[in-house]
Amino acid sequence: MSARVAVVGSSNLDLVVTASRLPRPGETVLGENFRTVPGGKGANQAVAAARAGAACDFVGAVGDDEFGTQLRTSLVGAGVDVRGLRTVAGPSGVALIGVDREAENFIVVAPGANGTLTELDADDRATIAAADVLLLQLEVPLTAVTQAADWARADGTTVVLNAAPAAALPTELLDLVDVLVVNEHEAAVVAGVSSDEPPVLLDALLKLVPRVVLTLGARGAAYADRRGLRLAVPAPEIDAVDTTASGDAFTGALAVGWAERGGAVSEDTVTASLRWACAAGAACAQRPGASTALPDRPVIDALYDATYRGAQ
Ligand code: RIB
């Protein structure tokens with residue numbers, strides 16, 4: 001079954017500098033290269049889903065500046081349907097990103113046009129209703145995120161929330177989430193606990209949402225749900241050059257894998273979806289940049305096969 005994914009979220013132009021190491025607060029370090037790359041967690045996840053094989057619609061906002069034109073062109077080039085992308089007066093979203101030689105990064109986002117997406121319209125509702133999965137993040141106003149989730153729940157579309165950047169979330173939104181995707185830091189913030197132990201984080205999050213996917217970077221990912229299913233998968237072993245957007249590649253591929261399996265939840269289906277998402281995240285980390293690094297389906301399949309073929 002081919003998947004249809006709708007994304008309501010951000011698009012940013014990423015201003016990326018590489019350096020041998022990242023600066024500490026108050027410190028200046030001399031960097032190496034600079035480049036601009038289309039990014040934003042929402043747009044990245046839309047491109048990730050499209051490259052992973054889904055029909056994908058993006059609902060968001062860009063500014064009426066040159067960056068906005070670049071962001072729109074990038075989404076169209078990736079095959080994403082942008083009829084829900086508004087152009088508003090003012091600057092587009094921008095992300096300042098530093099990447100070091102260990103592939104670690106820092107990211108600071110100026111939301112710009114993303115901050116104007118406070119309310120959705122009837123066309124957006126139809127887009128969400130037509131999708132198998134709605135993908136949400138936290139780089140656009142919570143009012144739009146909650147409205148989208150509310151409509152998805154009413155119209156039978158699965159709600160996948162990637163709670164990034166990390167934030168404590170209102171019950172009103174958490175009650176509408178079918179699958180929560182978080183890394184360890186985001187998990188601790190959403191759950192309001194100080195532990196970094198995956199079992200503790202999963203237990204705490206299951207009090208808030210019915211299914212949790214916990215991403216663990218190079219250690220893979222873990223899954224838990226309220227029906228008692230718990231499993232973990234390892235990540236492919238790769239040489240990472242830049243982990244920017246790896247979480248977006250993971251989440252986009254997870255949404256596609258989940259939809260292609262018709263939302264069926266068993267040990268086999270969840271294991272396969274998580275492994276495929278881990279392959280997408282790892283493939284992304286092998287290349288520099290955000291949208292530029294998001295892998296096509298054959299690349300995901302190849303790394304999946306190389307890593308997990310023969311595994312139980
Ligand atoms: O997840 C990576 C993304 O976070 C970057 O593309 C940047 O724009 C920020 O939104």
Side-chain angles (χ1 to χ4, degrees), residues 7-18 22 34-52 58-63 65 67-68 70-75 77-78 80 85 91-100 103-117 135-142 144-145 160-167 181-187 189 213 215 217 221 240-255 277-278 280-295:
V7 179
V8 175
S10 62
S11 54
N12 302 322
L13 198 76
D14 293 352
L15 311 181
V16 187
V17 175
T18 56
L22 302 179
F34 169 75
R35 65 185 190 135
T36 59
V37 186
K41 294 184 193 305
N44 290 344
Q45 291 180 23
V47 171
R51 291 196 181 145
F58 181 65
V59 174
V62 293
D65 52 5
F67 289 177
Q70 285 184 48
L71 293 168
R72 181 180 290 275
T73 302
S74 164
L75 284 158
V80 175
L85 180 61
S92 296
V94 168
L96 290 183
I97 301 182
V99 182
D100 72 11
E104 290 299 331
N105 62 39
F106 73 78
I107 302 179
V108 183
V109 174
N114 297 303
T116 69
L117 195 73
L135 261 184
L136 299 166
Q137 318 75 31
L138 300 175
E139 281 187 339
V140 295
L142 218 46
V145 172
V160 177
L161 172 65
N162 175 213
V181 182
V182 280
N183 64 24
E184 290 159 292
H185 168 66
E186 292 151 2
V189 173
V213 174
T215 61
V241 299
D242 181 357
T243 55
T244 306
S246 280
D248 300 327
F250 178 100
T251 307
L254 181 75
C278 281
C284 180
Q286 290 178 303
R287 295 192 287 191
S291 60
T292 45
L294 297 167

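FYI, the numbering just counts along the sequence from 1. Both ligands and their constituent atoms are indexed starting at 1 by order of listing.
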For [atom], what's the nearest protein heavy atom and its distance?
atom	answer
atom 9 (C) of ligand 1	Glu139 OE2, 3.5 Å
atom 2 (C) of ligand 1	Asp248 OD2, 3.3 Å
atom 4 (O) of ligand 1	Lys41 NZ, 3.1 Å

**Item:** Residue part near ligand 1, for Asn44, under 4.0 Å between non-hydrogen atoms
**Value:**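 It is the side chain that gets close, since no backbone atom is under 4.0 Å.
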Test your reading of the model: is there a side-chain donor-acceptor pair from [X] to the backbone of [Y], 3.5 Å cut-off?
X	Y	value
Thr243	Ala103	yes
Glu139	Ser10	no
Arg72	Val62	no
Asp242	Gly289	yes

Checking the N or O distance criterion of under 3.5 Å, is ligand 1 in contact with [X]?
X	result
Asp14	yes
Thr244	no
Gly40	yes

**Prompt:** So, do Val16 and Thr244 sit near enough that their side-chain heavy atoms are less than 4.5 Å apart?
**Reply:**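 No. Closest side-chain heavy atoms not under 4.5 Å.
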**Request:** Hey, could you give me the CG/CG distance between Asn162 and Leu138, rounded to the nearest 0.5 Å?
**Result:**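 Interatomic distance, Asn162 CG to Leu138 CG, rounded to 0.5 Å: 7.5 Å.
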**Asked** Hey, what do you get for CG (Leu85) to CG (Leu75), rounding to the nearest 0.5 Å?
**Response**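 One gets 6.5 Å once the value is rounded to the nearest 0.5 Å.
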[X] heavy atoms, cut-off 4.0 Å: which ligand 1 atoms fall inside?
X	answer
Ala290	6 (O)
Ala95	7 (C), 8 (O)
Gly39	6 (O), 8 (O)

